[in-house]
*Asks:* 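Here's a structure for you.
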Amino acid sequence: MTERHLAKDATAEVAHNPLMKLLPHLRALFTIRYGMVWVLIALVVTASIIQDSFLEWGNIRNILQQNAPVGIVAVGMTYVMIGGGFDLSVGSIYGGAAMFYASQAGDLPVAVAILATVLLGCTAGGINGVVVTRLKVNPFIATFGTSSIFMGAAFLYANSKTFPFREESFRTLGSDRIFDVPWSVVVLIAVFAIGAIILGKTVYGRSLYAIGGNNEAARLSGLRVDVLRASTFVLVGACAALAGILIASRIGVGQPDMTRGTLALDAIAIVVIGGTSLFGGEGSVWRTAVGLLILAVLSNLFDSYAVQASTQQIIKGAIVVGAVSLDSFARSRR
Amino acid sequence: MPDAVEIPGRVSPESGRTAIICHNVTKDFGSVRALDGINLEVRAGTVHALVGENGAGKSTLLGVLAGRISPTSGTVHLFGLELPYGVPRVIRSMGVAAIYQELMIAPTLSAQSNVYLGQPIAKRGVLMEKAMRHGFDRLCARFGEQIPADVPAGTLSVAQQQLLEIMRGLVASARLILFDEPTASLPPRDREALFRVMADLRADGVTIMFVSHNLDEVLGIADVVTVFRDGRLAATAPAKEWTKSSLVAKMLGRELAAKESAEATGGQEAQYEPSRNESRVLVRVEGLTVLPAIQDINFEIRRGEIVGLGGLVGSGRTTVLRALAGLQPNAKGRLWIEGKEVPWPHTVRQARGFGIALLPEDRKGEGLVLTMCGADNVVMSDFRTVARAGFISHARTMARASAASADFGIAANRLSEMSANLSGGNQQKLLFARWKHCPPKVLLADEPTRGIDVGAKVEILESLQRLAAEGKAIAFVSSELEEVAAICDRVIVLAEGRQVGEILGKRGETTVQDILRGAFGVEAAVD
């Protein structure tokens with residue numbers, strides 16, 4: 001509806017004045033479409049008022065570093081969800097990757113270990129993709145099952161050991177900084193930037209919107225719907241593995257059950273809060289960035305006021321429900 | 001037949017009283033005004049037809065009367081009571097039943113349970129199956145139909161499912177039944193049956209309001225016809241004061257277009273002649289079998305030729321197209337493309353590789369990605385042409401999409417809109433533009449004119465003819481036999497999955513009769 005507005009206004013009032021040209025765009029900023037951006041702005045303003053140190057670089061750096069792993073997974077999850085899928089197994093891939101990476105410390109050169117771990121994540125994602133597209137299992141159930149399989153396999157591999165790091169170079173990604181910016185934040189920003197460009201600007205990205213929006217129509221247009229959908233699971237697998245590497249190198253140890261199972265749900269919450277549709281075909285990476293920042297700022301506030309973990313959970317849950325209901329409301333008015 | 005079922009509130013004939021009064025009803029969807037100050041009075045016990053182009057507002061008004069859409073301003077009175085909004089239960093208790101094009105049938109429940117859906121006969125929460133069976137049988141008897149009570153409703157024909165919905169309305173003591181395009185998906189024989197049911201209901205004092213694009217039907221069955229144009233009520237008058245061309249003129253608001261459309265929908269001979277000098281066979285099908293739907297189908301289509309697949313709904317027409325498009329993995333048969341034998345395609349990509357593309361019957365379900373804009377929907381047949389090194393150029397997308405859609409009459413500035421916001425006609429044109437963007441050799445068009453207004457129908461038929469003139473082979477399926485007769489060079493007639501004949505097209509009424517004779521077998525030839 002907004003877009004229609006823009007088109008009409010733009011043709012009706014020939015812009016003599018550059019301000020007149022901007023006006024419809026400004027108006028669009030105040031629609032529900034950008035509701036979550038306003039929520040984020042309000043949160044940041046509130047936080048900076050009630051907490052003096054909020055806008056200090058040390059705090060911002062801290063927020064970003066803490067949320068780098070889940071943020072990276074959320075980018076991959078955005079791809080899966082826009083393609084009409086869903087992935088509950090990322091937590092297991094993440095834990096398994098963290099453990100695998102840690103177990104290789106000292107045995108492999110660090111670059112090779114990173115590559116091998118990411119490939120492992122791709123393989124796990126590939127298995128999900130095959131189960132969903134070839135065996136035709138609903139993504140929810142498929143990844144629920146593979147999550148358990150991956151977790152079990154990781155435990156089997158670990159053989160009830162944990163892997164503390166013997167080799168310091170393996171900790172660079174998690175702990176070192178470049179120009180006072182942690183490497184993990186550099187990776188986070190790079191993943192978001194590349195993720196946004198590929199989804200928004202490439203044939204691959206546009207094809208995902210098509211299969212998520214209407215699978216049959218995409219198939220009849222000659223798109224390789226199964227390959228495309230499976231590829232989103234491979235991508236999120238790679239993201240989860242990368243996130244696992246970051247967490248393992250930050251805390252200096254790898255074990256399969258690092259997330260206690262909440263990572264998948266956290267990542268999905270971030271994507272949904274941003275406004276990406278649960279039904280596929282709609283959304284974007286910048287929305288996921290907004291969702292990530294909303295939750296990150298909120299956690300930071302809670303932590304600095306020592307809000308109980310259980311209270312935090314309740315509020316976060318309420319935000320997810322609120323964001324989705326806002327989204328359905330916007331949808332029903334269209 | 002009447003009085004077979006006692007239905008409270010419908011015993012005394014209500015004709016003469018007023019059933020509906022709309023006062024200044026206006027409805028805005030965002031910035032779009034769908035209804036603009038509608039004032040309308042409908043007498044009880046009449047059949048009232050609403051006609052108009054797609055997007056003219058008739059379906060919106062139907063939604064308002066059904067309580068599904070709440071108007072921005074204005075009031076509606078039904079049988080003297082003001083209509084509340086957003087409470088379907090209350091509106092149903094006022095005696096309103098709405099039957100939409102997409103039937104509200106629970107496919108896995110039995111036919112009987114569907115009739116009593118929402119108002120089961122029960123005693124203290126326990127279902128009274130016997131009483132319901134009794135009522136169901138009496139309703140069936142009343143309409144002279146034998147519907148098995150225990151089979152899952154999803155296995156019944158569309159006509160029978162529709163009847164179940166009518167019966168459901170009667171069980172709920174409906175005094176006003178609203179139909180949206182009731183005959184669009186019915187084969188001719190079932191249409192007749194539906195008209196008998198409507199006439200029967202009217203005789204019992206039920207008020208009927210229906211939306212239809214088929215003007216012959218409208219003039220045949222309605223007492224009063226109201227024409228909508230651009231959200232306004234253009235005219236309302238008794239059916240006998242209208243003619244087909246005066247209706248079309250009122251709908252379009254212009255005389256010239258009326259002539260054109262009367263020509264095309266009236267089954268006149270089309271002036272178009274395909275060039276015969278290039279009559280090479282482009283596609284040949286031998287022994288196509290898809291069990292259990294079709295068996296041993298043989299035909300060929302030459303370059304520049306439009307071949308119709310005639311027959312009734314359920315005769316296997318759609319299956320033939322879907323098999324060619326690679327959508328029937330169990331299809332068997334031999335296929336030649338440009339004289340070269342190729343394996344039968346079992347995936348869409350294989351079929352696309354042979355240059356075969358399908359315009360699906362279900363525009364929204366299988367055609368468009370409603371969440372994407374029109375331009376993206378056009379270029380999605382081949383994204384690579386608007387991309388460089390994998391990156392999509394917005395400018396090139398818009399340029400290619402508007403170039404492809406120019407022929408089909410879509411305004412370029414509408415391409416940036418979400419395709420969900422476009423009318424049915426424009427949506428269909430987008431699908432044509434999609435295959436203009438990435439042209440196939442063989443185009444399979446399945447019901448491309450269904451649910452589309454008169455003006456757009458003509459444009460779409462012309463588009464098909466133009467594509468044929470460009471040297472494509474076109475297979476065309478339509479339930480509007482006049483259309484088939486008007487544009488097809490030949491018609492393959494199917495009945496119950498078998499090929500029963502091949503007849504010459506473009507002979508107007510003769511072709512229509514030949515198709516029907518073939519489709520109905522000897523039976524219909526007698527009457």
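The basis for the numbers below is simple: all heavy atoms, side chains too, and nothing from hydrogens, waters or symmetry mates. We name chains A, B, ... by the order of the sequence lines, and we start the count at 1 in each one.
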*Asks:* Examine distances only and state if a side-chain atom of A/N214 and a backbone atom of B/K364 form a donor-acceptor pair shorter than 3.5 Å.
*Replies:*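 Side chain of A/N214 to backbone of B/K364: a pair is present.
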*Asks:* Measure B/M380 against the heavy atoms of chain A and call it side chain, backbone, both or neither at under 4.5 Å.
*Replies:*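 Both parts, backbone and side chain.
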*Asks:* Report the distance from atom OG1 of B/T371 to atom CZ of A/F279, rounding to the nearest 0.5 Å.
*Replies:*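 Nearest 0.5 Å value for the OG1-CZ distance: 12.5 Å.
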*Asks:* Quick check on the interface: out of B/G367, B/G353, B/S381, who has the most heavy-atom pairs with chain A under 4.5 Å?
*Replies:*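 Option with the top pair count is B/G367.
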*Asks:* Are the side chains of A/R219 and B/L327 in touch, meaning some heavy atoms are under 4.5 Å apart?
*Replies:*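 Answer yes - side chains close enough.
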*Asks:* Drop me the distance from B/D362's CG to A/E216's CD, to the nearest 0.5 angstrom.
*Replies:*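 Rounded to the nearest 0.5 Å, the CG-CD separation comes to 9.5 Å.
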*Asks:* Within a radius of less than 6.0 Å around CZ of B/R384, do more than 12 heavy atoms belonging to other residues, nucleotides or ligands occur?
*Replies:*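 Counting neighbours around CZ of B/R384, 12 or fewer heavy atoms of other residues, nucleotides or ligands fall under 6.0 Å, so no.
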*Asks:* How long is the gap from CG on A/N215 to CD on B/E366, to the nearest 0.5 Å?
*Replies:*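 So the gap between those two atoms works out to 10.5 Å.
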*Asks:* If you compare all heavy atoms of B/V369 against all heavy atoms of A/A217, which two are closest, and at what distance to 0.1 Å?
*Replies:*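 For B/V369 versus A/A217, the nearest heavy atoms are CG2-CB, 4.2 Å.
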*Asks:* How close do A/S221 and B/R434 get, counting heavy atoms only, and between which atoms?
*Replies:*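 Taking every non-hydrogen atom into account, OG-NH1, 3.0 Å.
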*Asks:* Tell me, out of B/G326, B/G390, B/S393, who's got the most heavy-atom pairs with chain A below 4.5 Å.
*Replies:*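 If we count pairs closer than 4.5 Å to chain A, B/G390 comes out on top.
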*Asks:* Using non-hydrogen atoms only, which part of B/L358 is less than 4.5 Å away from chain A: side chain, backbone, both, or neither?
*Replies:*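 Contact with chain A is through the side chain of B/L358 alone.
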*Asks:* For A/L223, is it the side chain, the backbone, both or neither that has a heavy atom under 4.5 Å from a heavy atom of chain B?
*Replies:*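 Backbone plus side chain of A/L223, per the 4.5 Å heavy-atom cut-off to chain B.
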*Asks:* Please check if the number of heavy atoms outside A/F144 that lie under 6.0 Å from its CZ is greater than 12.
*Replies:*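 Atom CZ in A/F144 is not packed in, count stays at 12 or less.
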*Asks:* Going from CD1 on B/I392 to OG on A/S207, what distance comes out if it is rounded to the nearest 0.5 angstrom?
*Replies:*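 Atom-to-atom, B/I392:CD1 and A/S207:OG are 6.5 Å apart.
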